[in-house]
Amino acid sequence: APRKAVPIPSKAPQGPQMNPQLLYALAALLVVVGLAGVVLPALPGLPLVFVGMLIAAWAGDFVHVGVPTLVVLGLLTLLSFVVDFWATAHGAKRVGASRKAMAGAVIGTFAGLFFAPVGLFVGPFVGALVGELLHSRELGTAAKVGFGTWLGLVLAIVLKLGLAFAMLGIFAFAWFF
């Protein structure tokens, strides 16, 4: 018996193989969770925002948002890591924080998650204060270091929020124009 020829597709399938609406919903969820992660230290904020935007661009077959825009968004995401480390370290170094104060601020930030929203602001301060007290045992210095470390964390959050809204604006401009 003669064999039947199997047709060979002339062109590879384009775009995602999933339902685009499902991909858009996933993208929106990642962006929203990412925005929350800019303020909540347990979540990788701007990387999630970027992945959400990448998925939305992919779901739209990169028609609205192309590679150049995604490269800019990726660079802003990388810049967010630099901003985060710089602002936190700058606030802590400016007041002479010890390693124990820095570790305390990180621990306090995570502990503060359980007492949100107040704990998110008080936790890093209390953690840095306790860490510095363990280091120097002087309350005045520890309070100064706690405040400086807290100020650095707040500065990092404000700068990352600025980057997040810049990314949203760039993405929206690329999508609609």
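Keep in mind that what you see is a predicted model, and the values were worked out from it rather than measured. For the numbers below, each heavy atom of this structure counts, side chains included, while hydrogens, waters and symmetry mates do not.
- There is no path of hydrophobic side-chain contacts, each under 4.5 Å, that joins I107 to F115.
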* Should L35 and L168 be marked as a side-chain contact (heavy atoms from CB on, under 4.5 Å) after you check the CA-CA gap, both sets of side-chain angles, and the distance that decides it? -> CA-CA 10 Å; L35 288 173; L168 288 169; 4.1 Å; yes

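- For the pair A101 and E132, the tightest heavy-atom approach, listed with the atom from each and the gap, is CB-OE1, 3.3 Å.
- Distance NZ/K100 to CG/L133: 11.0 Å, rounded to 0.5 Å.
- When every heavy atom of G52 is checked against every heavy atom of L30, the shortest pair comes out as CA-CB, 3.8 Å.
- Exactly one residue among V38, V33, V31, T77 makes a side-chain contact (heavy atoms from CB on, under 4.5 Å) with L48. That residue is V33.
- V71 places a side-chain heavy atom less than 4.5 Å from the side chain of L75.
- By the rule that hydrophobic residues join a cluster once side-chain heavy atoms approach within less than 4.5 Å of another member, F114 and L153 end up as members of separate clusters.
- Closest approach of P124 to G119, counting heavy atoms only: CD-O, 4.0 Å.
- Going from atom CG of L26 over to atom CH2 of W58 covers 9.5 Å, rounded to the nearest 0.5 Å.
- Heavy-atom neighbours of F62 CZ from other residues, nucleotides or ligands within 6.0 Å: above the threshold of 12.
- In this structure, CG in L79 is found 10.0 Å from CE in M167, a value given to the nearest 0.5 Å.
- Residues meeting the side-chain contact (heavy atoms from CB on, under 4.5 Å) test with L155, sequence neighbours left out: W86, A87, L159.
- Within the model, atoms CG of L163 and CG of L73 stand 11.0 Å from one another, a figure rounded to the nearest 0.5 Å.
- In terms of hydrophobic clustering, with Ile, Leu, Val, Met, Phe, Trp and Tyr side chains grouped at heavy-atom distances under 4.5 Å, F147 and V122 are assigned to a common cluster.
- Note: F177 and F173 have tilted aromatic rings, judged against thresholds of 30 and 60 degrees for the angle between ring planes.
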* What do the steps show when you test L23 against N19 for side-chain contact (heavy atoms from CB on, under 4.5 Å), and what is the final call? -> CA-CA 7 Å; L23 290 174; N19 179 349; over 6 Å; no

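- Under the 4.5 Å side-chain criterion, counting only non-hydrogen atoms from C-beta, V82 is not in contact with L78.
- Neither V126 nor V145 shares a network with the other; the hydrophobic side chains, linked directly or stepwise wherever heavy atoms of I, L, V, M, F, W or Y lie under 4.5 Å apart, form separate groups for each.
- Residues S98 and G131 share a closest heavy-atom pair of OG-O, 4.4 Å.
- Under a hydrophobic clustering in which Ile, Leu, Val, Met, Phe, Trp and Tyr are joined whenever their side-chain heavy atoms come within less than 4.5 Å, directly or via other members, V39 and L29 fall into the same cluster.
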* M53 vs V65, side-chain contact (heavy atoms from CB on, under 4.5 Å): CA-CA, chis, key distance, verdict -> CA-CA 9 Å; M53 291 176 176; V65 178; over 6 Å; no

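- The distance from the CZ atom of F81 to the CG atom of L46 is 8.0 Å, given to the nearest 0.5 Å.
- Rounding to the nearest 0.5 Å places CG of L54 at 5.5 Å from CG of L70.
- Between A56 and F171, the shortest heavy-atom contact is CB-CZ, 3.8 Å.
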